[in-house]
Every structure is written in C-alpha cells, then in structure tokens.
Amino acid sequence: MNVLILGSGGREHALAWKIKQSPKLSKLYIAPGNAGTASVGENIDMGISDFEKIKDFVLANNVDMLIVGPEVPLVEGIHDYFLADIQLKSIAVIGPVKNAALLEGSKDFAKDFMTKYDIPTAAYKTFRKETMNEGLAFLDTLKPPYVLKADGLAAGKGVIISESLSEAKVELKAMLSDNKFGAASDKVVIEEFLDGIELSVFVLTDGKSYKILPNAKDYKRIGEGDTGLNTGGMGSISPVPFATDEFMTKVENQIIKPTINGLSSEGIEYKGFIFFGLIKVDGNPVVIEYNVRMGDPEAESVIPRIKSDILDLFMGVTNGKLENSSIVIDERHSAAIMLVAGGYPERYKKGDPISGLDLIEDSIVFHAGTKQELDQIITNGGRVIAVTSLGKSMEEALDISYKNANKISFNRKYYREDLGDDLKILQN
Ligand code: AMP
Ligand code: GLY
C-alpha cells in the first residue's frame, strides 16, 4: 500500500516511523515533511492545503491512503474534496469530513454539539459583533478568571484567560469589533473557568466503533512549573498516572460514547482520530476542547506505545470494520521531551546546525522543525526535536529521555527539565 502523510511536525514523524514498520507498506510519502520523515519515507515539496497538487501527486503515484496530520486541511475540507472527485473517491482518507472537523474548527459548534448530546463541558454563551454589549454585560455576571475563546482556528492562540474584568472586556471588544483573530473571532465563546488537571484522550474511529489509544499529558507552557507563554507543547508523558481505570470508564461512558453516537445521529461518518482535551474536576472528566487529529507532542509519546500494525487499524477505519481489529498497547511508560529553539514561542532563529543525533541510545528521536541541508541537519522551527523513551515507570522513561536530550546540541537549545514533576507530587 502507498501512503501519503500531510504535515511536517513531530506528530507526522511519529506517524511515519510507525507506518514504516507495517508489512503492508510499499511506498511512504510525507508532504512536506522534515529531516526526520526523510529518513523513513520520501518528502514531497507540497503544501498541505494545495488540494489540486495533492490530487495530481496521489494519482501519479498510486497513493492508496492519505493521512492528514494537522487540522487545517481537514477544516478546509480535504476529505470532502476526495469524496467529491471521481478519481479520488476510492482513496482512503484518515481524518474527518469538513462538517465533523467543525468540532475543532468552531468552538461554538463544539459547544452546541456537547450540549445537545449531554457531554460534560463548561457552561458558556456565544456572542457576535451585534451582541457584543450583551457579551460585556454577561462578563459582569461572572466570577474571575474569565475565559474567552475565538470561535475559529487561531493557531492555538485564540483562548484568553484573564483575572481582570476590565482586561476581559478589552479582549472581547478586540476580538469582536477589531477582528483580533480575523474571521476566527467573528464569534466568541465566553465560558466558565474550570479548575483541575488536564489530560488528552484519543480514539481512532470508523464512525461506528472506536479504539481508545493510550492517554497522555502534554506540557503547554514554556517555563518550568507551568509558567510563561503557551507553546505548541513542550513534551508529553503517557500514560497519565491520575487517569485510573475508574476515571477512564467515566471518560468512555460520559464522553467518548456520546460523542461517537452524537456524530452518527448527525449523519456524520467520522473516520479518523478524535482528540478529547479533558480536565479532571472533582474526580470527573469535563471536555475543554475537541481536536480532529492526533495531538502534538502527544503523538510522540502515544504512538510508540501502540504495538499493533497501525495500517491495519487505518484500514479498519476506512472499510468500516474497525470493530474486527484489535489494538495492543505497550504497558511501558513513555516520555517525550521537546527541544526548542531559544526565544520560542516568540522570536527564534532557524538554520542552526544540530549535532549529537548519532549519540542517542535507547530513545527515539522524532524531528519537528528540522531540515536537511547538504550533509547537515539544521533547525527549521521553534519546536525542533522530541526525544521519546519507554521505561518501566514514568520516572525511568523521563530519565532516559533527559539523558539523551542532553546529548543533542544546537544554538540556544532549551527544554523543560520538570516534566512529570507535577504528577510525581500527585502520586506521593
Ligand atoms: P483550548 O484551545 O480550548 O484547548 O484552550 C487552551 C487552553 O486554555 C486549555 O488547554 C486550557 O489549559 C485552558 N482552558 C480552556 N478553557 C478553559 C476553561 N473553561 N477553564 C480553564 N482553563 C481553560
Ligand atoms: N498538544 C495539543 C495539541 O496538539 O493541540
């Protein structure tokens, strides 16, 4: 089988690394990929939103399956584009159609969906430019902190949490009347602040049945002790120690099942990953957000724990027979540490040589922002490389990853040294 993956981050390298191990694979292409994906497949210089170019490539190279890494092409309707095209419609696409991608593409849609299907989420109201004054009055009725969310995709920057009522009001005005996030903030969801600890839960579904993948915790802030600016993610661990069997049963019954059933009631045949961004509040799971893809950097700790052939699972998704596939999970713990370029998530440099990759022992290196230039691998993004290790315990997995993270060098390399510390405290 010939497979094309869209994307260029650590998540896509992890997917490519796993797919490469499948005996069902013939050719693996990644567009546009990075220096890491080039070591397991062939990188294709093609934009993830350039549907026509993707079509031409798929047809010219007999691609049988398209795996969509990031959300943008899904929200733009790449799966629908394939379904509507007579030459493409028999090609498998892993990732939902546009209507379902709205679970990530529109916070208002996701909140409506959860309300309709009784899925626990924070109380909320949605406002538009025309109802901004009502939004301002609504803020007056709430207690701090105030949570404001741009409705559409805003590259992870569309959520504002403010302790100050006046600042929240300024933000609401900036979003609704000054188009702070462009069309993404034509609508703004204002919601109740939830206090708890977050985790990420993933399923793979064919629209009817689903497989629960290993859960993970992602570290979002740049600074140790969860301080400073939000990033794309500074690392992840899997499994999450506080996601006990009892808690995961609640997640399955109160969140996963109603979501799958709800999609099906809406007439949507969802094929792909669903990422549940959850928060544990008083022992119960509550949905913070849906994403319609794997997480990044969660994929870098989750995928290495899947023992089953991932192409088998994807084929089950495509032909609606996922029910017949089994998923075997590695019981070991996994830890992915993200090495980032100094300055990230603000200004940072690209193009610095990376060394030490040949010194890594007992870890997997997943490339994120890297590029091959002649015989040198150089930095090409803020998040540069994830170092993933498996171990008998979270501590052991972290120790191996840290030992190896230390061996990799590039100008102004930075990583958080406190991953897992919050969970160790909870455990003790
Ligand atoms: P989102 O893009 O919806 O995942 O929001 C980004 C981050 O903001 C989440 O990962 C949470 O850390 C935080 N957040 C979002 N909504 C809430 C909420 N209602 N209460 C507390 N924190 C939230
Ligand atoms: N790690 C969070 C995300 O992928 O959105």
Side-chain angles (χ1 to χ4, degrees), residues 7 9-12 14-15 68-72 74-75 101 103-111 114 120-126 142-163 168 171 175 181 184-185 187-202 213 215-222 226-238 240 273-282 285-303 336-338 340 345 366 368 382-383 386 419 422:
R11 167 183 52 214
E12 287 74 26
L15 283 165
V68 187
E71 65 281 10
V72 168
L74 295 167
V75 172
L103 283 180
E104 178 165 359
S106 165
K107 302 268 187 210
D108 182 45
F109 175 88
K111 297 297 282 188
M114 288 186 267
T121 188
Y124 78 107
K125 272 193 176 165
T126 302
L142 302 177
K143 291 194 298 275
Y146 305 92
V147 182
L148 272 57
K149 300 185 171 184
D151 176 57
L153 294 184
K157 298 194 172 64
V159 175
I160 285 155
I161 300 182
S162 172
E163 284 292 338
E171 284 295 344
M175 282 162 127
F181 297 106
S185 61
K187 286 194 246 176
V188 173
V189 169
I190 300 180
E191 71 178 31
E192 166 199 15
F193 179 83
L194 298 171
D195 198 6
I197 185 156
E198 289 178 56
L199 76 158
S200 308
V201 170
F202 306 94
L213 309 182
N215 54 51
K217 182 169 194 312
D218 141 31
Y219 289 81
K220 292 197 166 81
R221 304 290 195 94
I222 189 73
D226 274 322
T227 53
L229 293 174
N230 254 320
T231 69
M234 297 297 291
S236 64
I237 57 99
S238 173
V240 179
F273 293 102
I274 309 179
F275 167 162
F276 301 87
L278 305 180
I279 186 163
K280 183 178 175 184
V281 183
D282 300 328
V286 182
V287 179
I288 292 257
E289 64 165 349
Y290 285 112
N291 295 309
V292 296
R293 52 175 173 80
M294 271 306 292
D296 191 349
E298 287 96 329
E300 292 94 308
S301 61
V302 166
I303 289 177
I337 295 167
M338 191 61 81
V340 306
F366 291 125
R383 293 194 293 169
L419 301 197
D422 52 339

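Start at 1 and go down the list; that is how both ligands and their atoms are numbered. Position 1 is the first residue of the sequence, and the numbers go up from there. None of the values given here were measured: they were computed from a predicted structure.
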**Prompt:** Is there a donor in the side chain of Asp218 and an acceptor in the side chain of Ser236, or the other way round, less than 3.5 Å apart?
**Reply:**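 Absent: no donor and acceptor within the cut-off.
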**Request:** Any chance you could lay out the side chain to side chain contact (heavy atoms under 4.5 Å, CB included) test for Val159 and Glu289, step after step, and finish with the verdict?
**Result:** CA-CA 11 Å; Val159 175; Glu289 64 165 349; over 6 Å; no
**Nearest candidate to atom 5 (O) of ligand 2, where distance is taken over non-hydrogen atoms, out of Arg293, Lys220, Glu300** =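 The residue whose heavy atom sits nearest atom 5 (O) of ligand 2 is Arg293.
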**Salt bridge present between Glu191 and Lys111 (N-O < 4.0 angstrom)** =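 The answer is yes: the pair qualifies as a salt bridge.
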**Item:** Ring centres under 6.0 angstrom apart (Phe276, Phe202)
**Value:**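 Distance test on ring centres: not under 6.0 Å, no.
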**Request:** For ligand 1, would you mind listing the residues that have at least one heavy atom less than 4.0 Å away, ordered by chain and number?
**Result:**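 Residues Lys107, Val147, Lys149, Val159, Ile161, Glu191, Glu192, Phe193, Leu194, Glu198, Lys220, Ile288, Glu289 each place a heavy atom under 4.0 Å from ligand 1, listed by chain and number.
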**Numbered atoms of ligand 2 (with element) below 4.0 Å of Glu298, judged on heavy atoms** =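 Numbered from 1, ligand 2 contributes 1 (N), 2 (C), 4 (O).
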**Message:** Distance under 4.0 Å to a non-hydrogen atom of Gly295: what atoms of ligand 2 satisfy this?
**Reply:**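 Counting atoms of ligand 2 from 1, those under 4.0 Å from Gly295 are 4 (O).
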**Prompt:** With only distance considered, is Arg11 within less than 3.5 Å of ligand 2 through an N or O on each side?
**Reply:**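 In fact, backbone or side chain, Arg11 has no N or O that close.
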**Asked** Do Glu289 and ligand 2 have an N or O pair less than 3.5 Å apart?
**Response**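 Looking only at distances, the answer is no, because the N/O contact criterion of under 3.5 Å is not met.
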**Message:** Between Glu171 and Val188, does the side chain to side chain contact (heavy atoms under 4.5 Å, CB included) criterion hold? Intermediate values first, please.
**Reply:** CA-CA 10 Å; Glu171 284 295 344; Val188 173; over 6 Å; no
**Contact with ligand 2 for Pro297, non-hydrogen, under 4.0 angstrom** =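 Per 4.0 Å heavy-atom rule, Pro297 contacts ligand 2.
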**Closest protein heavy atom to atom 2 (C) of ligand 2, given as residue, atom name and distance to 0.1 Å** =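 The closest one turns out to be Asp218 OD2, 3.4 Å.
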**Polar side-chain atom of Asp296 near backbone of Arg11 as donor-acceptor pair, under 3.5 Å** =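 Yes.
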**Request:** Mind checking the CG-CZ spacing from Asn230 to Arg221? Nearest 0.5 Å is all I need.
**Result:**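 Reported to 0.5 Å precision, the distance equals 5.5 Å.
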**Request:** Apply side chain to side chain contact (heavy atoms under 4.5 Å, CB included) to Tyr124 and Lys149, showing your working.
**Result:** CA-CA 10 Å; Tyr124 78 107; Lys149 300 185 171 184; over 6 Å; no
**Request:** Show the numbers, then the answer: is there a side chain to side chain contact (heavy atoms under 4.5 Å, CB included) between Thr231 and Met338?
**Result:** CA-CA 11 Å; Thr231 69; Met338 191 61 81; over 6 Å; no
